[in-house]
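Heads up, the thing below is written out as structure tokens.
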Amino acid sequence: MTHVLDQLTLADIARHLDATLVGDGGQAIRGLATLKDAEPDEVAFVANRAYLKDLPSTRAAAVLLHPEHGKTCPVPRLEMENPYLGYAKLSQLFDPVPARDRPGVHPSAIVAEDVTLGAEVCIGPHAVVEAGVVLEAKVVIGSGSVVGADTMIGEETRLYPNVTVCHGVVIGKRVILHSGCVIGGDGFGFAHDGARWHKIAQLGGVVLGDDVEVGSCSSIDRGALGDTVIGDDVKIDSQVQIAHNVRIGEHSALAGCVGIAGSTQVGRHCMLGGGVGLSGHLTICDGVQVTGMSLVTNSIHEPGVYSSGTGSMNNAQWRKNAVRFKQLDDIAKRLSRLEKRTRTP
């Protein structure tokens, strides 16, 4: 259940979403909720057919749905071709977080003297902003966050509490960085002399485009030489690891626990499911979808859906199949020899 202080009507919401309203536009709306839990002053939505079973009994003031489901709706409705997109836009009206922001620098924050602060910047308690940083208008730095020296952050970007942005990072407009994420930490670079490891200084930076979102406890490493680059409108879930000099194209999305090794390039409009791993120095073209828990070890040059691994099964069956998998090479060689003998006149 989500509420706002300012009262909206169904007519206001319909105009905001450019939706078709069927019902009383004067009905006051104070929040959003699910079909099952909605009260008579809340809006619900249907974006998945699995929840149509809850539609006949809903008590919502109105339901946001596709026109094909309108006739079965027992309450006023807001019809859209893409009701999930409508829900996304509507949720912004009921988000209480921006309303709590108060421009200014908290007395406990540490801000270097030469930091450039745009209009209505908000810096929370115990935050640290180092020398040479530029914060454009309406940037929010959450409590306990650290912004390293010579970093530039675009307008309306938000750092939630306890975010670390290292030195020399460039962040675009309207970026959201969730708690615990680290932007610009050292990449995993070491040289071995036969006895011990020697650290390779990571001399590049990180560039995040506009409208990027990075989930909690995710890491985007700085480049070894040159920058790690995340394109506009890329969405990154929690606990994702992006190594040095990776490039991700615009409008791509990475689900939780994705790992991308160094210098791999991911195209535009790609989607990587949870737990996907990409080896280093690969090229993934535009429009690729990789299903969850897949390991990609070769470049992909054609758009489409790609998978690897096997589905779950009971352990006894898995153990038998694992033994057979080890025998595949021998079986393939025997089959090849058999085919050659068969083809011999």
Side-chain angles (χ1 to χ4, degrees), residues 164-166 169-172 175-178 180-192 197 199-200 202-312 325 328:
T164 299
V165 177
C166 300
V169 170
V170 177
I171 297 175
V175 172
I176 298 174
L177 303 179
H178 287 276
C181 72
V182 178
I183 311 299
D186 279 356
F188 192 64
F190 300 90
H192 201 268
W197 294 101
K199 184 175 178 62
I200 299 171
Q202 303 294 288
L203 306 180
V206 175
V207 177
L208 304 185
D210 297 340
D211 302 300
V212 170
E213 183 160 351
V214 181
S216 58
C217 298
S218 289
S219 297
I220 302 176
D221 293 344
R222 67 191 315 105
L225 295 171
D227 296 330
T228 302
V229 179
I230 310 299
D232 293 346
D233 193 40
V234 170
K235 307 304 181 187
I236 298 170
D237 199 359
S238 300
Q239 298 182 336
V240 169
Q241 164 64 24
I242 298 175
H244 52 196
N245 298 105
V246 166
R247 288 178 172 262
I248 300 178
E250 293 85 350
H251 317 296
S252 291
L254 285 61
C257 298
V258 163
I260 305 179
S263 299
T264 283
Q265 298 187 40
V266 178
R268 303 169 71 249
H269 296 284
C270 291
M271 292 188 290
L272 306 182
V276 164
L278 303 185
S279 295
H281 305 276
L282 303 183
T283 298
I284 309 299
C285 70
D286 296 348
V288 167
Q289 179 180 345
V290 183
T291 59
M293 302 303 294
S294 296
L295 175 62
V296 180
T297 57
N298 296 293
S299 294
I300 298 175
H301 302 294
E302 296 290 336
V305 181
Y306 293 81
S307 302
S308 74
T310 59
S312 62
F325 183 80
L328 284 179

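All heavy atoms count here, side chains included; hydrogens, waters and symmetry mates do not. This chain uses plain numbering: 1 for the first residue, then up along the sequence.
- Closest heavy-atom contact between Cys270 and Ile284: SG-CG2, 4.3 Å.
- Between Leu282 atom CG and Ser263 atom OG the span is 10.0 Å, to the nearest 0.5 Å.
- Contact detail for Asp237 and Ala255: the closest heavy-atom pair is CB-C, 3.4 Å.
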>> Go through it in stages, so that I can follow the logic: the residues are Val212 and Asp232, the test is side chain to side chain contact (heavy atoms under 4.5 Å, CB included), and I'd like the CA-CA distance, side-chain angles, deciding distance and then a yes or no.
In response: CA-CA 6 Å; Val212 170; Asp232 293 346; 5.9 Å; no
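- Proximity of Ile260 to Ile248: side-chain heavy atoms (C-beta onward) are separated by under 4.5 Å at one or more points.
- Heavy-atom contacts from other residues, nucleotides or ligands closer than 6.0 Å to CD of Gln202 number more than 12.
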> Are Val296 and Val290 close enough, and set up right, to give a side chain to side chain contact (heavy atoms under 4.5 Å, CB included), and what steps lead you there?
Replying inline: CA-CA 9 Å; Val296 180; Val290 183; 4.0 Å; yes
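- Salt-bridge annotation for Lys235 and Asp233: present, with a side-chain N of the basic residue lying under 4.0 Å from a carboxylate O of the acidic one.
- A donor-acceptor pair is defined here as one N or O able to donate and one able to accept, closer than 3.5 Å; such a pair exists between the side chain of Thr264 and the backbone of His281.
- Between the side chain of Ser294 and the backbone N or O of Ser307 there is no donor-acceptor pair closer than 3.5 Å.
- The heavy-atom pair separating Cys181 from Gly215 by the smallest distance is CB-O, 3.6 Å.
- Val246 and Ala243 get closest at one heavy-atom pair: CG2-O, 3.2 Å.
- Side-chain contact check for Val206 versus Ile242: every heavy-atom pair is 4.5 Å or farther apart.
- Tested against Leu208, the residues Val165, Val170, Ile220 include a single side-chain contact (heavy atoms from CB on, under 4.5 Å) partner, Ile220.
- In this structure, the side chains of Ile183 and Leu177 come closer than 4.5 Å at one or more pairs of heavy atoms.
- Across all non-hydrogen atoms, the minimal contact from His251 to Val234 is N-CG2, 4.1 Å.
- Atom CZ of Phe190 is surrounded by more than 12 heavy atoms from other residues, nucleotides or ligands within 6.0 Å.
- Among residue pairs with one or both ends in residues 206-246, none qualify as ring-ring contact (aromatic ring centres under 6.0 Å, His included); sequence neighbours excluded.
- Annotation for Ser279 and Ala261: closest pair C-CB, 3.7 Å, computed over non-hydrogen atoms.
- Residue pairs meeting the side-chain hydrogen bond (donor to acceptor under 3.5 Å, both in side chains) criterion with at least one member in residues 203-225, sequence neighbours excluded: His167-Arg222, Arg174-Asp211, His178-Glu213, Ser216-Ser238, Asp221-Gln241.
- One finds the CD1 atom of Ile300 at 12.5 Å from the CG atom of Asp286 (value rounded to the nearest 0.5 Å).
- With rounding to the nearest 0.5 Å, the separation of CD1 in Ile176 from CD1 in Ile171 is 12.5 Å.
- Side chain of Thr283 to main chain of Gln265: no donor-acceptor pair is present (N/O by atom type, distance under 3.5 Å, no hydrogens or angles).
- Residues that satisfy the side-chain hydrogen bond (donor to acceptor under 3.5 Å, both in side chains) test with Ser299, not counting sequence neighbours, are absent from this structure.
- Side chains of Val288 and Tyr306 form a contact here, defined as non-hydrogen atoms less than 4.5 Å apart.
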